Amino acid sequence: LANLNKPRSTPGISIGEEELPEWLPRSILAPELYTEENKKEMRHQYETSEPYRHLRIPKLCNPEVMLKIREEVVHNLKTFHRETDLFKVSQSIDFNNIPLDSEFAKTIPNLMSLRQHLYSPTFRHFLEETLSCGKLSERVDMAANEYKSGLQLACHDDGVQTTRKLSFIVYSSQADTSKPIDNVDEWKPEHGGFLELFPGVNAPILPENLPTTSEAIDMPVENVISVPVPITIPSKLIAPAFNTMVIFEVKPGESFHAVQEVYDKLANRISIQGWFHAAEPKPVPNNRVATVRLLQDRKSTRLNSITLES
């Protein structure tokens with residue numbers, strides 16, 4: 001997901017060195033998460049997934065905790081409408097900017113507990129071991145998002161910062177907001193708001209300083225630049241189902257994804273979205289110039305099948 005906040009000058013909160021206050025909920029993650037059997041299954045799912053490596057955890061937290069997280073997002077945490085050519089979304093401030101000892105933190109105890117658990121040494125080591133992703137930093141980089149009717153996020157690859165290693169989304173969506181906030185009706189395709197994953201292809205780009213069409217025709221093949229762009233039709237759709245978590249590897253020019261527009265006027269696609277950053281980032285070549293024009297040029301491209309996952 002695109003980084004909607006301004007860059008921060010601080011590297012992030014050091015979760016491992018903090019003393020947890022008494023008001024912070026403990027042990028909120030599902031107990032079966034760390035079992036060897038579960039890790040083996042997750043590793044297989046991640047390594048064999050298409051169109052690029054990703055993982056869906058079907059039960060992240062104790063369901064009662066996730067309902068409290070939903071309630072805190074809706075009632076206690078302010079989200080602000082943001083809109084550009086890439087996205088239309090309501091988003092909170094970055095959780096890195098919420099001190100654990102602040103009075104505001106006490107109004108969102110379950111959200112703060114989720115932050116502490118996800119960026120804890122235990123969970124980061126769990127991801128490092130299960131996904132073989134290398135050492136992850138303790139840097140906190142997450143925010144809450146609400147996608148209501150008409151809101152969406154266009155296709156992109158999350159590769160704007162070279163330190164991003166894994167992208168994650170934790171869902172606490174409410175399919176029907178006319179019902180009590182603890183309702184957990186199934187999120188269906190007619191609601192919209194699915195996470196879309198796109199395969200990539202290499203597309204030729206002509207130099208910007210090319211003066212005439214005839215010169216383009218006569219240009220040697222070795223002078224044509226190829227850059228990765230997404231196919232216009234997603235190959236996989238993942239429902240924002242309550243209490244699930246999706247994790248995928250951030251790879252510039254490969255990890256193309258989008259959030260489908262939410263169609264239903266009563267649906268609220270609530271998520272906690274963020275990144276795990278590499279502890280020792282490697283430089284990534286900035287040779288990608290994928291544009292809307294390139295997507296439009298590939299409108300004739302279609303895939304034979306789309307995988308729908310709920």
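Everything quoted here is computed from the prediction, not taken from an experiment.
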Would you call L197 and I238 a side-chain contact if the rule is heavy atoms closer than 4.5 Å?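 Result yes, sub-4.5 Å side-chain heavy-atom pair found.
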
If we ignore angles and hydrogens, is there a donor and acceptor under 3.5 Å between the side chains of N96 and D94?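 The answer is no; no qualifying pair exists.
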
Residue pair H277 / S137, side-chain donor-acceptor N/O under 3.5 Å: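 Distance-only check fails for H277 and S137.
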
Could you tell me whether a side-chain N or O of T130 sits under 3.5 Å from a main-chain N or O of R43, the two making a donor and an acceptor?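 Checking the backbone N and O of R43 against the side chain of T130, no donor-acceptor pair under 3.5 Å is found.
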
Got a donor-acceptor contact below 3.5 angstrom from the S113 side chain to the N110 backbone?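 No, S113 side chain to N110 backbone: no donor-acceptor pair under 3.5 Å.
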
Return yes when atom [atom1] of [X] has more than 12 non-hydrogen atoms of other residues, nucleotides or ligands closer than 6.0 Å, and no otherwise.
X: E41; atom1: CD; value: no
X: E37; atom1: CD; value: no
X: H81; atom1: NE2; value: yes

Treat each ILVMFWY residue as a node, draw an edge where side-chain heavy atoms are under 4.5 Å apart, and state whether M245 and Y34 are in one component.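 M245 and Y34: one cluster.
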
In terms of hydrophobic clusters joined by side-chain contacts under 4.5 Å, are I181 and L266 together?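 I181 and L266: separate clusters.
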
Under the side chain to side chain contact (heavy atoms under 4.5 Å, CB included) criterion, do F256 and I231 qualify, and how do the steps go? CA-CA 9 Å; F256 295 112; I231 298 289; over 6 Å; no

Side chain to side chain contact (heavy atoms under 4.5 Å, CB included) involving E261 - partner list, sequence neighbours excluded: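 So E261 forms a side chain to side chain contact (heavy atoms under 4.5 Å, CB included) with Q152, Y263.
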
Considering only residues two or more places apart or on different chains, which pairs with a residue in residues 61-74 satisfy salt bridge (charged side-chain N to carboxylate O under 4.0 Å, His left out)?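 Those involving residues 61-74 do not exist here.
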
Scan for salt bridge (charged side-chain N to carboxylate O under 4.0 Å, His left out) pairs involving residues 267-278, sequence neighbours excluded, and state none if there are none.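 Qualifying pairs: none.
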
Out of V170, T244, I28, which residue meets the side chain to side chain contact (heavy atoms under 4.5 Å, CB included) rule with L60?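 Answer to the side chain to side chain contact (heavy atoms under 4.5 Å, CB included) test with L60 among V170, T244, I28: V170.
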
By the definition side-chain hydrogen bond (donor to acceptor under 3.5 Å, both in side chains), identify the one residue from Q45, E249, K236 that meets it with H54.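 With H54 as partner, Q45, E249, K236 yield a single side-chain hydrogen bond (donor to acceptor under 3.5 Å, both in side chains), made by K236.
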
Please determine which of Q174, K148, E146, H191 meets the side-chain hydrogen bond (donor to acceptor under 3.5 Å, both in side chains) test together with N268.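 Single pass found, and it is E146.
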
Taking ring pair (Phe, Tyr, Trp, His ring centres under 6.0 Å) as the definition, give me every residue that meets it alongside F242, ordered by chain and number, with sequence neighbours left out.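 F242: no ring pair (Phe, Tyr, Trp, His ring centres under 6.0 Å) contacts found.
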
Using the test ring pair (Phe, Tyr, Trp, His ring centres under 6.0 Å), find all partners of F276 that sit at least two apart in sequence or belong to another chain.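 Only Y119, F168 meet the ring pair (Phe, Tyr, Trp, His ring centres under 6.0 Å) criterion with F276.
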
Only distances under 3.5 Å count here; give the side-chain donor-acceptor pairs of residues 100-109 to other protein atoms, sequence neighbours excluded, each with its distance to 0.1 Å.
{"residue": "S102", "atom": "OG", "partner": "P99", "partner atom": "O", "Å": "2.8"}
{"residue": "S102", "atom": "OG", "partner": "A105", "partner atom": "N", "Å": "3.2"}
{"residue": "T107", "atom": "OG1", "partner": "F104", "partner atom": "O", "Å": "2.6"}

Angle between ring planes, H156 versus H257, binned at 30° and 60°: parallel, tilted or perpendicular?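 Geometry flag for H257 against H156: tilted rings.
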
